[in-house]
Amino acid sequence: MTSQITAELARYIQELKQERKSHFHEGRKAQQHIETCWKQLESSKRRFERDCKEADRAQQYFEKMDADINVTKADVEKARQQAQIRHQMAEDSKADYSSILQKFNHEQREYYHSHIPSIFQKIQEMEERRIVRIGESMKTYAEVDRQVIPIIGKCLDGIVKAAESIDQKNDSQLVIEAYKSGFEPPGDFEFEDYTQPMKRTVSDNSLSNSRGDGKAELKFGGKSKGKLWPFIKKNKGATPEDFSNLPPEQRRKKLQQKVDELNKEIQKEMDQRDAITKMKDVYLKNPQMGDPASLDHKLTEVNQNIEKLRLEAQKFEAWLAEVEGRLPARGDQARRQSGMYDGQTAPAVNNCAQDRESPDGSYTEEQSQESEVKVLATDFDDEFDDEEPLPAIGTCKALYTFDGQNEGTISVTEGETLYVIEEDKGDGWTRIRRSEDEEGYVPTSYVEVYLDKNAKGAKTYI
């Protein structure tokens, strides 16, 4: 419909505008010509009238001079010659006026009976062609619509079929798998008998540890609700590099995704290094094609990038190994989901988390897990709070184009000016904002930052 109707009609309208413009131009030209002829006629008529009056006055003067006996014969002859000249001029003006009048009458007949009717006829034919073309377009529209109706029917049948094939149980399971937190459910509290002196103990899976008696009540009644209800929303502040604000399972997925991205970047840089090396070999064998030394700087830069990416990947792999060590085994998860979980002790943790094991053998996270719980509880409490946008602390200009394809980043184009809302914390990323709905991180090396000295939290750089 767009190609056969809209585009064609748009092109045809432009053609009609040009044609209509040319017709009106011809009309104005014919009108100007007839007006010029009319002015010539009026001018010749006034000249003929003036010459006739002059000839009449010269004749009267001659007759007066001829009747006067006191006038010399020379003066009478002079008056007679002057009268003859005036009569001749009047005759010439008369002939000129008659010629121009005939010409004007001819032009006027041509104007009203030929030129103007021809122009109006062309405009009428143009409008009739336009009407026919619109009718053809409407017919084409009806044919296209008739062809599309069966396709629309098939689409509607597909929608009905897709609606009937909805599996709510499977959909719910997919959501559970995507958003499950990986937190361990707490174990049962043991009965503490105050009627007889005894050693108060806690179960292996207690929320508290054995270092304080009242700590379990504080944690259960306080911030541990974040652990019981691990609903996550987007963090208002900057996302930690190790994703420690996320539950274990979500954190594992994010870290795994980051490791995969870094490995792809490493492979991309290695391919580039191989290509540069091959090009350098070609230059060495054929010096006329290029200077091999010109590629050394680029090769060194690529090697540095590879080393930097490898260190980054190792860092995320270490965090991934740590979080995978904390997560329960797959068999335990399956038993818990099927209702067969028997409250057995948590699986063994890796070396970096063994120092947080309590004396009775149960695994307890102290400060790090408590901070996670606090973040989660805050997120849940503020789920429906209106987020206040961070104030801008300066501006920045993009030095290069950056395609923000990863989550949390934003795309910028070279030369673009944006607002800085959070400066580089040492990780190489600066948080910027384009509008209220567009903000994210860009590499600090890609932008030139101008911080406002009066802004809250802004630092002065020398």
Side-chain angles (χ1 to χ4, degrees), residues 2-141:
T2 301
S3 61
Q4 297 182 16
I5 298 178
T6 308
E8 286 296 322
L9 282 182
R11 182 184 60 80
Y12 187 64
I13 286 173
Q14 293 300 323
E15 294 177 358
L16 289 180
K17 285 182 178 179
Q18 293 297 327
E19 185 178 352
R20 183 174 180 270
K21 187 177 180 181
S22 65
H23 293 329
F24 274 83
H25 178 70
E26 292 178 3
R28 285 192 296 270
K29 187 176 179 181
Q31 187 174 1
Q32 290 174 358
H33 178 68
I34 196 67
E35 288 177 354
T36 303
C37 292
W38 170 255
K39 289 179 182 178
Q40 291 177 355
L41 177 63
E42 285 291 315
S43 177
S44 64
K45 182 180 177 181
R46 285 194 300 270
R47 185 167 59 252
F48 174 55
E49 182 182 5
R50 183 179 66 248
D51 290 343
C52 287
K53 290 180 180 179
E54 291 290 336
D56 186 48
R57 282 196 296 268
Q59 183 65 29
Q60 291 178 0
Y61 181 72
F62 166 69
E63 292 176 353
K64 180 180 178 182
M65 294 292 289
D66 189 35
D68 192 353
I69 59 176
N70 296 322
V71 179
T72 62
K73 187 176 180 180
D75 291 337
V76 173
E77 184 65 23
K78 183 178 179 180
R80 186 181 63 82
Q81 291 178 357
Q82 187 68 25
Q84 289 178 351
I85 291 173
R86 292 295 179 183
H87 279 291
Q88 186 62 39
M89 290 177 63
E91 290 295 330
D92 293 339
S93 298
K94 180 180 179 181
D96 188 30
Y97 170 62
S98 177
S99 174
I100 293 178
L101 178 61
Q102 292 178 0
K103 181 180 177 182
F104 174 76
N105 289 331
H106 174 71
E107 292 292 341
Q108 184 173 250
R109 283 193 301 270
E110 289 290 325
Y111 177 78
Y112 284 108
H113 295 86
S114 178
H115 295 318
I116 294 300
S118 175
I119 293 172
F120 280 123
Q121 183 65 30
K122 291 178 181 178
I123 294 175
Q124 180 179 342
E125 292 174 355
M126 180 191 71
E127 289 296 318
E128 290 173 355
R129 291 199 311 271
R130 180 184 65 83
I131 294 170
V132 172
R133 188 62 176 270
I134 291 177
E136 293 176 352
S137 300
M138 294 175 68
K139 182 180 178 182
T140 305
Y141 165 77

### Query
Is any NZ, NE, NH1 or NH2 atom of the basic residue among Glu19 and Lys122 found under 4.0 Å from an Asp or Glu carboxylate oxygen of the other?
no
### Message
More than 12 heavy atoms of other residues, nucleotides or ligands under 6.0 Å from OH of Tyr111: yes or no?
### Response
yes
### Task
Run the numbers on Lys53 and Glu49 for salt bridge (Lys or Arg N to Asp or Glu O under 4.0 Å), then give the verdict.
CA-CA 6 Å; Lys53 290 180 180 179; Glu49 182 182 5; 3.5 Å; yes
### Query
Mind checking whether Met138 and Ile134 have side chains closer than 4.5 Å, heavy atoms only?
yes
### Ion pair Glu8/Arg11, N-O distance below 4.0 Å
yes
### Query
With the threshold set at 4.0 Å, does a side-chain nitrogen-carboxylate oxygen contact exist between Arg130 and Glu127?
yes
Show the atom names and distances, to 0.1 Å, of all donor-acceptor pairs under 3.5 Å that link a side chain in residues 62-79 to residues at least two apart or in another chain.
unit_1	atom_1	unit_2	atom_2	d
Glu63	OE2	Gln59	NE2	3.3
Asp68	OD1	Asn70	N	3.1
Thr72	OG1	Asp75	N	3.4
Thr72	OG1	Asp75	OD2	3.1
Glu77	OE1	Arg80	NE	3.3
Glu77	OE1	Arg80	NH2	3.3
Glu77	OE2	Arg80	NE	3.4
Glu77	OE2	Arg80	NH2	2.0

Counting only pairs under 3.5 Å, give me each side-chain donor-acceptor contact of residues 31-42, with atom names and distances, residues two or more places apart or in other chains.
unit_1	atom_1	unit_2	atom_2	d
His33	NE2	Glu107	OE1	3.1
Thr36	OG1	Gln32	O	2.8

### Query
For Met89, does its backbone N or O pair with a side-chain atom of Ser93 as donor and acceptor, under 3.5 Å?
yes
### Query
With no hydrogens and no angle check, is any side-chain donor or acceptor of Ser98 less than 3.5 Å from a backbone partner on Lys94?
no
### Query
Are Arg28 and His25 close enough that some pair of their side-chain heavy atoms sits under 4.5 Å apart?
yes
### Task
Taking all heavy atoms of Ser44 and all of Asp96, pick out the closest pair and write down the distance.
CB-OD2, 4.4 Å
### Message
Applying side-chain contact (heavy atoms from CB on, under 4.5 Å) to Gln124 and Gln121, what does each step give before you reach the verdict?
### Response
CA-CA 5 Å; Gln124 180 179 342; Gln121 183 65 30; 4.0 Å; yes
### Query
How close do Ala90 and Ala55 get, heavy atom to heavy atom, and via which atoms?
CB-CB, 4.2 Å
### Message
Tell me the closest heavy-atom pair linking Ile119 and Glu26, and the distance in Å.
### Response
CD1-C, 3.6 Å
### Query
Can you tell me how far CG of Asp51 sits from CD of Gln88, rounded to the nearest 0.5 angstrom?
11.0 Å
### Query
Which pair of heavy atoms, one from Ile5 and one from Ser137, lies closest together, and at what distance?
CD1-O, 3.8 Å
### Task
Tell me, yes or no, whether the heavy-atom count around Arg47 atom CZ, taken from other residues, nucleotides or ligands under 6.0 Å, exceeds 12.
yes
### Message
Can you pull out every ring pair (Phe, Tyr, Trp, His ring centres under 6.0 Å) where at least one residue sits in residues 66-97? Sequence neighbours excluded, please.
### Response
Phe48-Tyr97
### Message
Any non-hydrogen side-chain atom of His23 less than 4.5 Å from a side-chain atom of Arg20?
### Response
no
## Note on the structure
Heavy atoms of Met126 and Leu16 approach each other most closely as CG-CD2, 3.5 Å
### Task
Kindly compute the distance separating CG (Asn105) from CG (Leu101), expressed to the nearest 0.5 Å.
4.5 Å
